[in-house]
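A quick write-up on the structure given underneath.
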Amino acid sequence: MFAVGATVAAASDSGGSGSSGTSSRAPGRYSPDAGFARDMAVHHQQAVEMSFIVRDRTKDEPVRSLAYDIANTQANQRGMLLGWLDLWGLPKVIADEPPMSWMATSDGGAGEPGSHHGHDMGAAKPGALMTGMATKEELAALGAAEGRDAEVLYLQLMTDHHKGGVAMARGCARQCATPAERALAQGMVEAQQSELTLMADMLKQRGAAPRG
């Protein structure tokens with residue numbers, strides 16, 4: 001909890017004026033900083049949900065350990081993202097804001113949608129809110145699976161999920177104006193790429209492979 005609080009405070013302080021020359025203005029409503037915080041909070045919440053589901057569907061310790069690590073890490077990061085939105089006085093949900101629209105925003109702080117930068121992640125699959133996210137049907141299938149079937153489906157779904165998350169985090173690392181948020185995003189990229197390699201190996205051990 002102290003680490004989360006310190007990181008949230010750093011995001012608040014990082015906008016202050018001083019020798020760094022950064023602006024004290026909080027990120028705008030439609031800025032990449034705010035959009036990433038809102039979208040990644042939702043993205044992370046599903047990863048936590050899937051990890052709790054598989055924990056109860058298998059007794060395999062490597063998968064349960066991975067699921068615990070992902071749930072713990074992403075729940076903490078989600079708290080940071082939502083904490084920054086609170087500090088900036090910005091809503092956690094905007095009804096008329098399409099998911100990932102911040103990735104096509106040129107304005108880093110004024111708060112209005114800008115021109116496209118070409119950071120196209122591709123369309124989300126039908127029934128999924130954002131790229132990489134699972135559908136309700138896939139979540140239901142995970143909840144109904146057991147043993148190896150649950151392990152393979154979880155690893156496949158989480159692989160897709162991480163790929164979408166890495167693309168989003170790279171977008172923030174390029175576009176976000178808040179140093180602490182950019183650092184968090186870059187950390188997500190590195191950690192999730194490492195987990196993608198691990199999950200590919202775990203799938204191979206189970207005679208399976210990532211989807212697509």
Side-chain angles (χ1 to χ4, degrees), residues 1 3-4 7 36-82 93 98-100 103 119-173 184-212:
M1 291 299 293
V4 172
T7 305
F36 174 74
R38 283 189 289 265
D39 283 351
M40 191 57 85
V42 173
H43 210 266
H44 273 16
Q45 181 58 35
Q46 188 183 76
V48 173
E49 179 183 357
M50 289 195 295
S51 296
F52 279 132
I53 290 173
V54 79
R55 182 192 63 176
D56 297 329
R57 309 308 300 171
T58 179
K59 297 185 182 301
D60 184 84
E61 284 306 317
V63 172
R64 286 170 60 90
S65 177
L66 173 67
Y68 174 82
D69 288 343
I70 289 174
N72 187 54
T73 297
Q74 298 208 11
N76 285 336
Q77 291 174 346
R78 183 173 185 271
M80 295 179 194
L81 296 166
L82 296 177
V93 177
M100 303 184 300
M103 296 190 75
H119 304 319
D120 184 12
M121 291 173 56
K125 60 190 170 187
L129 182 62
M130 283 178 268
T131 302
M133 291 187 70
T135 64
K136 291 181 179 179
E137 291 76 15
E138 288 171 331
L139 292 176
L142 180 61
E146 293 184 4
R148 177 193 172 278
D149 290 342
E151 296 159 20
V152 168
L153 183 55
Y154 171 75
L155 293 168
Q156 290 174 332
L157 291 174
M158 193 59 72
T159 293
D160 293 344
H161 206 272
H162 270 22
K163 288 178 179 177
V166 166
M168 288 173 62
R170 281 178 173 156
C172 178
L184 177 65
Q186 185 59 41
M188 289 179 187
V189 170
E190 294 167 3
Q192 292 191 28
Q193 284 181 321
S194 177
E195 287 174 344
L196 281 169
T197 300
L198 173 61
M199 289 190 290
D201 289 341
M202 294 174 75
L203 281 168
K204 186 175 181 180
Q205 292 167 7
R206 289 160 178 79
R211 305 185 303 181

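- Expressed to the nearest 0.5 Å, how far CD of Gln46 lies from OG of Ser51 amounts to 10.0 Å.
- Atom CG of residue Leu129 and atom CG of residue Asp39 lie 7.5 Å apart, to the nearest 0.5 angstrom.
- Between the CD atom in Gln74 and the CG atom in Leu81 there is a gap of 10.0 Å [rounded to 0.5 Å].
- Remark: the backbone N or O of Gly132 is not paired with any side-chain donor or acceptor of Asp160 at under 3.5 angstrom.
- Remark: Arg170 pairs with no residue by the side chain to side chain donor-acceptor pair (under 3.5 Å) rule, at least two apart or across chains.
- The heavy-atom pair separating Gly171 from Met103 by the smallest distance is CA-CE, 4.0 Å.
- Side chain of Thr73 to main chain of Asp69: a donor-acceptor pair is present (N/O by atom type, distance under 3.5 Å, no hydrogens or angles).
- Within the structure, the ring-ring contact (aromatic ring centres under 6.0 Å, His included) test picks out the following pairs touching residues 36-71 (sequence neighbours left out): Phe36-Trp102, His43-His161.
- The shortest non-hydrogen separation linking Pro99 to Met130 is CB-CG, 3.5 Å.
- Taking both residues in full, the closest heavy atoms of Val152 and Ala208 are given as CG1-CB, 3.7 Å, listed atom of the first, atom of the second, then distance.
- What you find for Val63 and Asp60 is that their closest heavy atoms are N-OD2, 3.0 Å.
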Please evaluate residues Leu66 and Ile70 with respect to the criterion side-chain contact (heavy atoms from CB on, under 4.5 Å), reporting the C-alpha separation (whole Å), side-chain torsions for both, the decisive distance (0.1 Å), and the verdict.
CA-CA 6 Å; Leu66 173 67; Ile70 289 174; 3.9 Å; yes
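- Applying the side chain to side chain contact (heavy atoms under 4.5 Å, CB included) criterion to Ile53, with sequence neighbours excluded, gives Glu49, Arg57, Leu142.
- In terms of the salt bridge (Lys or Arg N to Asp or Glu O under 4.0 Å) criterion, residue partners of Glu61 (sequence neighbours excluded) are, by chain and number, Arg64.
- Proximity of a side-chain donor or acceptor of Arg148 to a complementary backbone N or O of Arg206 within less than 3.5 Å is detected.
- From Leu153, atom CG reaches atom CD of Glu146 across 13.0 Å, with rounding to the nearest 0.5 Å.
- Nearest approach of Leu139 to Ala134, heavy atoms of both residues: CD2-CB, 4.1 Å.
- The side chain to side chain contact (heavy atoms under 4.5 Å, CB included) test applied to Pro210 returns Thr159, Leu203, not counting sequence neighbours.
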Identify all side-chain donor-acceptor contacts of residues 187-195 below 3.5 Å with residues at least two apart in sequence or on another chain.
residue, atom, partner, partner atom, Å
Glu190, OE2, Gln186, NE2, 3.3
Gln192, OE1, His162, ND1, 3.4
Glu195, OE1, His162, NE2, 2.6

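- Note: Met158 CE to Leu198 CG = 12.0 Å, rounded to the nearest 0.5 Å.
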Working note: Glu151 + Lys59, criterion salt bridge (Lys or Arg N to Asp or Glu O under 4.0 Å); need CA distance, chi angles, decisive distance, verdict.
CA-CA 10 Å; Glu151 296 159 20; Lys59 297 185 182 301; over 6 Å; no
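- Proximity of Arg78 to Val48: side-chain heavy atoms (C-beta onward) are nowhere separated by under 4.5 Å.
- In this structure, Leu157 CG and Met199 CE are separated by 10.5 Å, a value rounded to the nearest 0.5 Å.
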